[in-house]
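Computed from heavy atoms alone, side chains included, the values below leave out hydrogens, waters and symmetry copies. To find a chain, count down the sequence lines: A is the first, B the second, and so on, and within it residues start at 1. Predicted model, so just to flag it, every value in this text is computed and none were measured.
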Number of protein chains: 2
Amino acid sequence: MNEHSFIFAPCFMRNKDEHKERLIRDKAMEMIVKEGFDGLSMQKLAKAANVSPATIYIYFINREDLLNHLYNEVQNNFSEVALKGFSPNLSFKEGLWLQWENRLRFINEFPYQYQFYEQFRNSPLINHSDVQLIMDFKVNMKHFLMNAIKRGELKKMEPEIFWSLAYGPFYSLVKFHLQEKTMMGRHFKISPSKLKTMFNQVIKSIQ
Amino acid sequence: MNEHSFIFAPCFMRNKDEHKERLIRDKAMEMIVKEGFDGLSMQKLAKAANVSPATIYIYFINREDLLNHLYNEVQNNFSEVALKGFSPNLSFKEGLWLQWENRLRFINEFPYQYQFYEQFRNSPLINHSDVQLIMDFKVNMKHFLMNAIKRGELKKMEPEIFWSLAYGPFYSLVKFHLQEKTMMGRHFKISPSKLKTMFNQVIKSIQ
DNA sequence: AATATAAATGAATGTTCATTCATTTAAAAA
DNA sequence: TTTTTAAATGAATGAACATTCATTTATATT
């Protein structure tokens, strides 16, 4: 052992099992969606993921850290999917529709992730989370909106009004369908034509 | 004691203290808004309301029963306020605006009630609640929408699309302002003129 | 004032909770 | 194969949980 031993120390280590962490994360989201934050206990989660309770603490500092990591992950996944194929140079109508489609695809594909996300955002946990929207997303949207205004496709308005007009109806429709789903036990996907119909009406309110 | 003694039994009873129940209900909603469903324990609630834990069980069967009663109460209050001054014979624009104003008034006046309501609706607890919208509300809205369609002020569309277009932006704007509030610690009320501006844009999407 | 009743209580109960810890296991490097 | 390391564990810990119960308290009626 010399003074540099901590740098050149050989690394005889066992790797973390990523499949195991994935399982813990997925089961946690599923439990929260089905039983609420109340319903998530570390012991029940351990049992559901087939690991020891202590194992969870190898991957996460504590319960709160686990929840924050889950939220962080979904936030990143969601905004990444929302921007798939997007460019700030698209016409306003094309760009907004693309994001509606992308968001709906994510929600249909990962309903547990999305419902966990909504539950987290509507709870006080959100106040203790320091997760920020990824910068890429912010910058893209800012340029997109500036271009649309420059081209006269969109009139200037306060940002919160824009977001409320452009996405309020979308998320409301999604909520209707997710409620239906949990009530009927079956998943009725939002039909693309219904979505497009509503989109065209929303456009009228923004232009 | 005769066979009718249970009917004519004298009633030497001490009355429930309504002020006490009110306090329990209010503190419960406040705790849930501030700390989530996780943060509501019967012992902490008892302490906050200055009663014994056992007292809560005089008014509510158990924790779940308490939460359901709270939700039920807010649902009723909210839909009652929403209909204040409403008539199905109002013009579509007048009737919808009246409801926006009424709803915003309720949210501004009872933010804890509203935020509890939102948190409950976005949690799985909603699946175990058998609370229904009051019939009066349903009937009124149905006639209102039928009249508006008859007069040509509103085109026929699927109910969930109507609700999403007519209220999605409203609730989205409310959410923006409530988030701001909890982040800044101060309450910035939505200005009526901002609300009216957005309302006029929303109307364009529905007609 | 006396009485009967349910409201109200504080302490207690058994359970479940998040988290820790001494130990074992597996795997990467030598 | 041996060595070293961190992953993984099951059992344990003390705190907090929902709920109950034997008493006491307040009050509407007599």
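In this structure, A/Ile56 reaches neither bases nor backbone, as no heavy-atom distance under 4.0 Å exists between it and the strands shown. Note on A/Leu40: only backbone sugar-phosphate atoms sit closer than 4.0 angstrom, heavy atoms only; bases stay farther off.
We find that CD1 of B/Ile24 is positioned 14 Å from P of D/dA18, with the value rounded to whole Å. Protein atom CE of B/Met42 is 10 Å distant from nucleotide atom P of D/dT20, rounded to whole Å. Rounded to whole Å, the distance from NZ on B/Lys47 to C1' on D/dA16 is 12 Å. The CZ-P distance, from B/Arg63 to D/dA16, rounds to 16 Å in whole Å. If you measure from atom CZ of A/Phe37 to atom P of C/dC17, you get 16 Å, rounded to the nearest angstrom. Between B/Glu64 atom CD and D/dT19 atom C1' the separation is 14 Å, expressed in whole Å. The nearest whole Å value for the distance from the CG atom in A/Asp38 to the P atom in D/dA16 is 17 Å. Rounded to whole Å, the distance from CG on B/Asp65 to P on D/dT20 is 12 Å.
Below 30°, between 30° and 60°, or above 60°: for A/Phe106 and A/Phe78 the angle between ring planes is between 30° and 60°, a tilted geometry.
Between B/Ser52 and C/dA8 there is no side-chain polar atom (N or O) within less than 4.0 angstrom of OP1 or OP2. Proximity of B/Tyr59 to the phosphate of C/dA8: a side-chain N or O atom is located under 4.0 Å from OP1 or OP2. Using a 4.0 Å cut-off, no side-chain N or O of A/Ser41 falls inside it from OP1 or OP2 of C/dT16. When the side-chain nitrogen and oxygen atoms of B/Lys20 are compared with OP1 and OP2 of C/dA8, one or more of them lie within a distance under 4.0 Å.
Of the listed nucleotides (C/dT19, C/dT9, D/dT9), C/dT9 has the atom at the smallest distance from the side chain of B/Ile58. Listed candidates were C/dC17, C/dT20, D/dT19. Nearest to the side chain of A/Tyr57 is C/dT20. In the set D/dC21, D/dT9, D/dT19, the nucleotide with an atom closest to the side chain of B/Ala54 is D/dC21.
A donor and an acceptor atom, one from each side chain of A/His143 and A/Asn147, are nowhere located under 3.5 Å apart.
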Q | Check against salt bridge (charged side-chain N to carboxylate O under 4.0 Å, His left out), A/Glu30 and A/Lys34 | A | CA-CA 6 Å; A/Glu30 187 182 331; A/Lys34 287 182 177 164; 2.7 Å; yes

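Salt bridge present: A/Glu21 and A/Arg25 bring a charged side-chain N and a carboxylate O closer than 4.0 Å.
The base of D/dA16 does not come close enough to the side chain of B/Gln43 for any donor and acceptor atom to sit less than 3.5 Å apart.
Screening A/Phe116, A/Tyr117, A/Tyr114, A/Phe37 against A/Tyr71 for a ring-ring contact (aromatic ring centres under 6.0 Å, His included) leaves a single residue, A/Tyr117.
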